J.: 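This structure is in structure tokens; I'll ask about it shortly.
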Protein chains: 4
Amino acid sequence: MVYDGGMPNVARRSQRAHRAILDAAYELALERGHAKVTVEAIAARAGVGKQTIYRWWPSKGAILLDVLIDAVGAVSEMPDTGDVAADLKAQMTAVTELFRSDFARFYTGLIAEAQADEAVADGLAEQLLGRADGPRRQRLEKAQRDGQIRADIDVAAAAEALYAPLYYRLLLRTAPLGVDHVDALIDITLNGLRP
Amino acid sequence: MVYDGGMPNVARRSQRAHRAILDAAYELALERGHAKVTVEAIAARAGVGKQTIYRWWPSKGAILLDVLIDAVGAVSEMPDTGDVAADLKAQMTAVTELFRSDFARFYTGLIAEAQADEAVADGLAEQLLGRADGPRRQRLEKAQRDGQIRADIDVAAAAEALYAPLYYRLLLRTAPLGVDHVDALIDITLNGLRP
Amino acid sequence: MVYDGGMPNVARRSQRAHRAILDAAYELALERGHAKVTVEAIAARAGVGKQTIYRWWPSKGAILLDVLIDAVGAVSEMPDTGDVAADLKAQMTAVTELFRSDFARFYTGLIAEAQADEAVADGLAEQLLGRADGPRRQRLEKAQRDGQIRADIDVAAAAEALYAPLYYRLLLRTAPLGVDHVDALIDITLNGLRP
Amino acid sequence: MVYDGGMPNVARRSQRAHRAILDAAYELALERGHAKVTVEAIAARAGVGKQTIYRWWPSKGAILLDVLIDAVGAVSEMPDTGDVAADLKAQMTAVTELFRSDFARFYTGLIAEAQADEAVADGLAEQLLGRADGPRRQRLEKAQRDGQIRADIDVAAAAEALYAPLYYRLLLRTAPLGVDHVDALIDITLNGLRP
DNA sequence: CGGTAAGCGAGACGGTACGTCCCGTCTTCCT
DNA sequence: AGGAAGACGGGACGTACCGTCTCGCTTACCG
């Protein structure tokens with residue numbers, strides 16, 4: 001649970017209702033898309049009173065963020081074979097696969113919701129993006145120590161240069177995601193554009 | 001006008017109402033944010049019947065896309081001084097400034113809306129992103145011909161590697177946009193991460 | 001229409017919806033009793049949006065008051081045969097019949113609602129009780145002029161002395177209403193208790 | 001206590017909670033009116049669990065009936081000075097005063113509730129109206145034996161003819177209660193309307 | 001140049017979902 | 001075992017907007 005602020009007594013929370021709500025929200029989001037999920041439909045499908053939802057989540061976006069965390073977690077494991085290029089390719093390919101799966105619409109829906117709901121934005125940044133970003137930065141720092149990448153680089157900017165294009169295509173759909181794209185990004189970012 | 005399909009007689013359209021609608025939508029979006037703008041509020045503020053809005057636009061997102069195009073247009077001019085690094089810095093800085101201005105919320109709101117509304121997604125891609133992307137690619141291709149960047153590079157991927165991180169920070173707000181960020185991106189992308 | 005205050009444009013009111021709402025409310029009140037009628041059920045049965053109800057009536061009680069006025073009107077005709085005792089008997093018997101009919105539950109429900117809702121209380125007093133009371137008082141005044149009843153009597157109190165016991169039994173159900181009861185009341189009130 | 005049926009063990013009942021509930025209900029009814037009192041508000045004000053209320057009373061109306069009985073009791077003492085007119089005036093004046101006091105809203109609220117709740121109707125009839133009516137009838141019967149009123153009269157109807165107008169004005173508020181009204185009623189009912 | 005059809009403002013309409021309030025029940029922990 | 005606390009499934013509330021649908025009323029074109 002992410003958004004409780006501890007207001008009601010968490011110890012007395014019904015596990016049954018909690019699971020049923022997440023499951024119902026998950027099913028509905030896959031069935032009709034994030035934007036068309038309603039709190040009433042979640043409550044009805046979960047066999048739960050609306051108040052039980054509002055008691056624990058402040059908004060529909062908060063529920064769906066929990067659903068996503070619950071179902072996917074962060075794609076946060078960063079391999080370390082010693083070869084940073086290979087490791088990045090492996091992890092970026094995994095992210096690409098996730099972004100091409102059914103969960104893609106959860107991500108995009110939630111990022112959309114985050115533009116209007118500060119709480120969702122915060123939860124998204126902390127629970128998903130933040131968790132994924134740490135290991136990436138650590139892997140790049142290790143590569144710096146290993147001499148595989150330049151020591152004068154801002155690893156946060158480097159991590160973004162690698163991963164932001166994946167989010168760009170996820171959200172703007174100007175071109176498809178795929179292994180070729182990952183290869184091109186790694187080539188460009190590691191070797192640079194200059195001859 | 002983007003979304004009319006010419007259904008009613010465009011010649012008889014009231015310019016007064018058209019302007020009043022765009023102005024009202026613009027003001028309301030700045031005042032309460034994209035998500036809280038309603039068609040009824042636009043109509044009321046513009047002193048216009050709701051039907052007049054629905055006659056010319058299919059959805060709230062279409063109105064706001066028109067507002068954005070009307071107010072900003074695409075940041076599409078790409079300078080060409082002969083020095084591709086300097087030109088990219090100039091243009092990326094301009095984009096950064098735009099993304100830090102009040103119009104940022106229009107972009108993010110529209111990108112959010114595009115996740116659920118195919119028409120908005122198409123209009124956004126064609127009217128804003130597409131117009132901006134062409135000149136960037138052309139500038140990179142010229143730099144390839146000038147020998148300033150590698151000839152074996154996919155310029156579309158290269159353009160994304162440069163600009164996607166700006167969109168990433170715009171939408172996910174994990175870190176602030178700024179000139180330092182632009183410098184870091186250009187350094188990484190042109191020179192590569194390798195020592 | 002009783003409770004409009006003229007806020008929306010009465011001229012544009014949908015007669016279809018108006019009738020459907022009154023009919024639905026009438027049916028529901030007979031089916032499940034005044035207290036269990038809900039605005040949602042009226043709207044659903046009438047095939048009407050809830051807002052269309054709230055646009056024209058401030059409360060459920062106001063609807064049901066209109067239903068009652070619409071269905072019954074005031075039992076206001078007061079016969080005048082020249083014999084005040086006979087006329088009172090005829091009219092009180094008619095009221096008794098009404099109070100024993102299905103409409104009795106409308107009256108009791110509305111009087112109950114009036115205890116908590118000033119607007120309903122006012123409407124009830126003006127639209128039903130007031131309309132019924134006038135003719136009764138006029139008949140008694142005529143009887144005074146005819147010398148059939150004492151000239152020093154407060155006709156309002158006299159009318160109440162005759163009719164209030166009918167309401168008492170209607171509401172408190174301590175004893176059944178009937179012709180015998182009417183006879184007893186007329187005897188007592190005209191002739192007095194004294195030997 | 002009226003509505004317990006003895007289900008739980010009455011001996012173990014908390015006197016503290018019992019009093020607190022009645023007091024809280026009393027205060028709330030005076031503060032916001034009978035119809036806006038809620039079981040949750042009573043429980044909260046009394047510092048009591050809702051279950052403790054539902055254990056001992058079947059409905060809100062039952063609580064408020066107990067409150068009224070507890071606070072007022074029946075206005076049941078009927079004086080007997082030998083002069084039935086004076087005795088009626090004294091007692092009807094007392095009732096009038098009660099109906100003009102703050103307790104009036106309890107009566108009206110309870111009578112309203114009784115229209116929809118059979119249990120409340122029964123309790124009201126037995127605990128309040130019934131207790132008050134007996135002495136009145138007995139006083140009238142004695143007056144018959146004393147020759148002060150006609151022997152052929154139905155005393156139940158006579159009692160109602162006298163008291164029902166007080167309830168009528170209490171509930172319908174068509175005219176104010178007062179000593180003049182009592183005087184008029186006694187004059188009419190004892191002496192009759194005829195010249 | 002007068003008739004007519006279009007666009008327009010206004011806003012009522014049938015609906016859907018919202019977030020809140022209470023209901024009466026159930027569960028937990030305390031005395 | 002009774003009581004304080006309060007979460008639960010449920011139902012209705014009154015509100016906000018949606019997108020559609022009439023209404024007159026200008027207003028520009030066309031016969």
Side-chain angles (χ1 to χ4, degrees), chain A residues 8-14 16-18 20 36-44 46-56 58-60, chain B residues 8-18 20 36-44 46-56 58-60, chain C residues 7-14 16-18 20 36-44 46-56 58-60, chain D residues 8-14 16-18 20-21 36-44 46-60:
Chain A
N9 184 337
V10 178
R12 305 186 57 180
R13 181 167 197 180
S14 160
R16 203 218 113 251
H18 189 176
K36 283 181 193 147
V37 175
T38 68
V39 175
E40 294 205 326
I42 296 172
V48 139
K50 279 203 288 178
Q51 197 61 50
T52 299
I53 295 180
Y54 284 108
R55 187 155 27 232
W56 301 107
S59 68
K60 187 182 66 181
Chain B
N9 183 339
V10 178
R12 307 191 73 181
R13 181 168 196 182
S14 160
Q15 288 307 300
R16 203 220 113 246
H18 189 178
K36 283 181 193 150
V37 175
T38 68
V39 174
E40 295 205 328
I42 295 173
V48 137
K50 282 203 289 177
Q51 195 58 246
T52 300
I53 295 181
Y54 284 109
R55 192 162 13 239
W56 302 106
S59 70
K60 186 183 68 178
Chain C
M7 277 99 95
N9 184 337
V10 179
R12 304 186 56 182
R13 181 167 198 181
S14 159
R16 203 220 111 249
H18 189 174
K36 283 181 192 146
V37 175
T38 68
V39 174
E40 294 205 327
I42 295 172
V48 139
K50 280 204 286 177
Q51 197 60 50
T52 298
I53 295 180
Y54 284 109
R55 188 156 23 234
W56 301 106
S59 68
K60 188 182 65 180
Chain D
N9 183 337
V10 179
R12 304 190 109 214
R13 180 169 197 181
S14 159
R16 204 220 112 248
H18 189 177
I21 290 164
K36 283 179 191 149
V37 175
T38 68
V39 175
E40 294 205 329
I42 295 172
V48 137
K50 281 202 289 178
Q51 196 56 247
T52 301
I53 294 181
Y54 283 109
R55 199 173 351 253
W56 301 106
W57 288 275
S59 70
K60 186 183 69 179

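Chain letters run A, B, ... following the sequence lines, proteins first, then strands; residues in each count from 1. No experiment lies behind these values; they were computed from the predicted model shown.
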J.: So, using side chain to side chain contact (heavy atoms under 4.5 Å, CB included) as the criterion, who are the partners of T52(C) when residues are at least two apart?
T.: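 Partners of T52(C) under the side chain to side chain contact (heavy atoms under 4.5 Å, CB included) test: A17(C), I21(C), V48(C), R55(C), W56(C).
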
J.: Whole Å only: how far is the CZ atom of R16(B) from the P atom of dG7(E)?
T.: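 Taking atom P of dG7(E) as the reference, CZ of R16(B) is at 16 Å.
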
J.: So which atom in A46(C) and which in A20(C) form the shortest heavy-atom distance, rounded to 0.1 Å?
T.: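 For A46(C) and A20(C), the tightest heavy-atom pair comes out as CB-O, 3.5 Å.
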
J.: Distances for protein N/O vs nucleotides 15-18 of chain E N/O pairs under 3.5 angstrom?
T.:
from: dC18(E); atom 1: OP1; to: V39(A); atom 2: N; distance (Å): 2.9
from: dC18(E); atom 1: OP2; to: V39(A); atom 2: N; distance (Å): 3.1
from: dC18(E); atom 1: OP2; to: E40(A); atom 2: N; distance (Å): 2.9

J.: Check this one for me: any side-chain N or O of R13(C) less than 4.0 Å away from OP1 or OP2 of dT22(F)?
T.: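 For dT22(F), neither OP1 nor OP2 has a side-chain N or O of R13(C) closer than 4.0 Å.
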
J.: If you measure from NE2 on H18(A) to CD1 on I53(A), what distance do you get to the nearest 0.5 Å?
T.: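 If I round to the nearest 0.5 Å, the distance is 11.0 Å.
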
J.: Write down the distance between CD1 (I42(A)) and P (dG9(F)), rounded to a whole number of angstrom.
T.: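 To the nearest whole Å, that distance equals 14 Å.
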
J.: Going through the distances and angles, do W57(D) and V39(D) end up as a side-chain contact (heavy atoms from CB on, under 4.5 Å)?
T.: CA-CA 11 Å; W57(D) 288 275; V39(D) 175; over 6 Å; no

J.: For nucleotides 27-31 of chain F, list the nitrogen or oxygen atoms of the protein found under 3.5 Å from its nitrogen or oxygen atoms, one pair per line.
T.:
none

J.: Both A44(B) and A46(C) contact DNA chain E. Taking the nearest nucleotide for each, which residue is further toward the 5' end?
T.: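 Looking at DNA chain E, the more 5' nearest nucleotide goes with A44(B).
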
J.: Under the salt bridge (charged side-chain N to carboxylate O under 4.0 Å, His left out) rule, collect the residues that match up with K50(B), sequence neighbours excluded.
T.: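 Salt bridge (charged side-chain N to carboxylate O under 4.0 Å, His left out) check on K50(B) returns E40(B).
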
J.: For A43(B) and G49(B), work out which heavy atoms get closest and say how close.
T.: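 Between these two residues, the closest heavy atoms are CB-C, 4.3 Å.
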
J.: Take atom CD1 of I53(B) and atom C1' of dC18(F), then tell me their distance rounded to the nearest Å.
T.: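 Nearest whole value for this atom pair: 12 Å.
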
J.: Roughly how many Å is it from CZ in R55(D) to P in dG24(E), rounded to a whole number?
T.: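 These atoms are roughly 16 Å apart.
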
J.: dG3(F) phosphate, OP1 or OP2: any side-chain N/O from W56(D) under 4.0 angstrom?
T.: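 Result: yes.
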
J.: Nearest to the side chain of A17(C) - dG3(F), dG14(E), dC8(E)?
T.: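 Selected nucleotide (nearest to the side chain): dG14(E).
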
J.: Is T52(C) close enough to dG14(E) that one of its side-chain N or O atoms is under 4.0 Å from OP1 or OP2 there?
T.: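 True: T52(C) side-chain N/O within range (under 4.0 Å) of dG14(E) OP1/OP2.
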
J.: How close or far is atom C1' of dA6(E) from atom CG of N9(B), stated in whole angstroms?
T.: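 From N9(B) CG to dA6(E) C1': 8 Å.
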
J.: For R12(A), enumerate each residue passing the side chain to side chain contact (heavy atoms under 4.5 Å, CB included) test, keeping only those at least two apart in sequence or located in another chain.
T.: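 R12(A): side chain to side chain contact (heavy atoms under 4.5 Å, CB included) contacts with N9(A).
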
J.: Rounded to 10°, tell me the angle between the two end axes of the helix from dC1(E)-dG31(F) to dT31(E)-dA1(F), each built from five pairs.
T.: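 Inter-axis angle at the termini of the helix from dC1(E)-dG31(F) to dT31(E)-dA1(F): 10°.
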
